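Reading through the structure tokens given below for one structure.
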Number of protein chains: 2
Amino acid sequence: MSKYQTSNKTQLALIEAAGELAAEKGFGTVTTRAIADRAGENIGSIHYHFGGRDQLLEAVLRYVAQDWIDNPLDQYIADCDLAEKTGQAEALRRAVVRFADMLFDDEKPEWHSRAVYQVLQYPSPLHDIFREIIMNREHEQVEQLLLKIDSDLSKEMLVLHFNLLLSPLITHSDYRGAILPRLNQPTYSREYLQALVDQCVEQSLLRYRLPLD
Amino acid sequence: MSKYQTSNKTQLALIEAAGELAAEKGFGTVTTRAIADRAGENIGSIHYHFGGRDQLLEAVLRYVAQDWIDNPLDQYIADCDLAEKTGQAEALRRAVVRFADMLFDDEKPEWHSRAVYQVLQYPSPLHDIFREIIMNREHEQVEQLLLKIDSDLSKEMLVLHFNLLLSPLITHSDYRGAILPRLNQPTYSREYLQALVDQCVEQSLLRYRLPLD
DNA sequence: ACTAAATTTAATCGATCGATTAAATTTTGC
DNA sequence: GCAAAATTTAATCGATCGATTAAATTTAGT
């Protein structure tokens, strides 16, 4: 298995087609036929390469997860002096910028961010896999930073503050289909995203009484 | 049509069953058989009373929407003097409290809030209906308040600030299946929700330089 | 209680789902 | 370029989907 060159190309085409469709219609409603059609491949190849529909969707999740794993927060804030208030403020900003990059960077296919978070909405095997391979790591990275800023935060409050910091980004990703029409824009403009990031950063800097600049 | 007493009871049972299932698995994956089974009714009744699966799901949406329509923001902040900073601050708090009540009040069935926002995630007829009957009204109410607080806000920035104000509540509703396990709690505790609301209010009071108390 | 209308029920329709199979084709090492 | 392995393909499987139908039952006015 997986000996010939064409195998990889087929698998990638199926993953990308499945990811696109999942982003458009949701993981639960994507059919093997629609995937095969968009990928220009055969239904049988889904089962040959992945074992079935569910395993292909899991592969989609792991494919996107790799992008998050390859860009850990640690490497974004490696040169920040977390002992200093100004270093903490800069690290907080970079945490927001990184998260926004992961969700809105237009060099990434849109389905990367669209496909990811939705699996958290309902109980499913994919839900558990996502929590294990992405969400836990993301929370731990951010919570580690928040603890440097305020060591009094309990485990409960760390969960809350994770959401206070990043939920505007998450809602802008999840509900872009509802928000963009209100903005009369086809995609978020660079200026709008900049304002979004700035406001996320500012309100957290205010919350932790860190220097605004 | 709709002449006998039993008709209303059957329709309500079907709406509630469909709402529960939609909240659990998503609108797209709910089947007529599952709805009929949970409601203790017959599949044929779905088509008899509503015309089909899609129309029943639309009825579910309108049923929940009525709860939002019956509790407009205006009546929550009617006695706030929006000309005064303290009145603006109090109105902002009540806007957050109201939204949290709509999403987390445990006197409402959980599926009310779980079912609502998910339809905004993908293009669909339900998506458009929801935007028309709920989302536009909610945005207008909050944006009207925000304009009283800061009349310089552009239409674009009003959209952004709506999300800055309320997105922590939205993510806590949408992702409760992912957040609650991190809190090791079956449901959000009263204390946690209080902290969530307080933080939402505080960060917006700080943003608009309104008095904290 | 009778009757006509409204509602509920069980059975069945064609379409489409994920999955499987065996044959056809392509790829790679030699 | 040959042979063996890997991959792709088309056809088909049973299960389940939303929808429909006609018969059975229930309801409400008289």
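The analysis underlying the following values was restricted to heavy atoms, covering all of them including side chains, and did not include hydrogens, waters or symmetry mates. Quick caveat, the model's predicted, so the values are computed rather than measured.
One distance of note links CG of B/Leu73 with CZ of B/Phe99; it measures 10.5 Å at 0.5 Å rounding. Put simply, CG on B/Leu165 and CG on B/Leu92 are 5.0 Å apart, with the number rounded to the nearest 0.5 Å.
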Please enumerate all protein N or O atoms sitting under 3.5 Å from an N or O of nucleotides 24-27 of chain D, with distances to 0.1 Å.
from, atom 1, to, atom 2, distance (Å)
D/dT27, O2, B/Tyr4, OH, 2.8

Enumerate, atom names and distances included, each donor-acceptor pair closer than 3.5 Å involving a side-chain atom of residues 193-200 of chain B, sequence neighbours excluded.
from, atom 1, to, atom 2, distance (Å)
B/Gln194, NE2, B/Asp198, OD1, 3.1
B/Asp198, OD1, B/Arg93, NH2, 3.1

Which pairs of donor and acceptor atoms, one on a side chain in residues 131-138 of chain B, lie under 3.5 Å apart (sequence neighbours left out)?
from, atom 1, to, atom 2, distance (Å)
B/Asn136, OD1, A/Arg182, NH1, 2.9
B/Asn136, ND2, B/Arg131, O, 3.3
B/Arg137, NH1, B/Ile133, O, 3.0
B/Glu138, OE1, B/Arg98, NH1, 2.9
B/Glu138, OE1, B/Arg98, NH2, 3.4
B/Glu138, OE2, B/Arg98, NH2, 2.7

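Atom C1' of nucleotide D/dA4 and atom NZ of A/Lys3 are separated by 10 Å, given to the nearest angstrom. Atom CG in A/Leu56 sits about 14 Å away from atom C1' in C/dA19, given to the nearest Å. A/Lys25 has its NZ atom 14 Å from the C1' atom of C/dT16, to the nearest Å. Computed from coordinates, the B/Asp54 CG to D/dG18 C1' distance equals 9 Å when rounded to whole Å. Look at OH on B/Tyr48: it is 17 Å from C1' on C/dA10, rounded to the nearest Å. Atom CZ in A/Phe50 sits roughly 16 Å away from atom C1' in C/dG18 (whole-Å rounding). Rounding to whole angstrom units, CG of residue B/Leu57 and P of D/dC17 are separated by 14 Å.
Residues satisfying the salt bridge (charged side-chain N to carboxylate O under 4.0 Å, His left out) test with B/Arg62, not counting sequence neighbours, are B/Glu58. Among residues two or more places apart in sequence or in another chain, the ring pair (Phe, Tyr, Trp, His ring centres under 6.0 Å) test is passed with B/Tyr188 by B/Phe104, B/His172, B/Tyr192.
Here A/Thr32 reaches the OP1 or OP2 of C/dG18: one of its side-chain N or O atoms lies under 4.0 Å away. For B/His49 and C/dT8, the shortest distance from a side-chain N or O to OP1 or OP2 is below 4.0 Å. Checking the phosphate oxygens (OP1, OP2) of C/dT16, no side-chain nitrogen or oxygen of A/Thr31 falls inside 4.0 Å.
Here B/Arg94 pairs with B/Asp79 in a salt bridge; the nearest charged N to carboxylate O distance falls below 4.0 Å. A salt bridge is absent between B/Arg190 and B/Asp106: the closest approach of a Lys/Arg side-chain nitrogen to an acidic carboxylate oxygen does not fall below 4.0 angstrom.
Of the residues near DNA chain D, B/Arg53 and A/Arg33, the one whose nearest nucleotide (by heavy atom distance) lies more toward the 5' end is A/Arg33.
A heavy atom lying under 4.0 Å from DNA chain D marks none of the residues of residues 36-46 of chain B.
Counting only heavy atoms from C-beta on, A/His47 has its side chain closest to C/dT20 among D/dT20, C/dT20, D/dT8.
Remark: side-chain polar atoms of A/Ser113 are paired, donor with acceptor, to backbone N or O of A/Glu110 under 3.5 angstrom.
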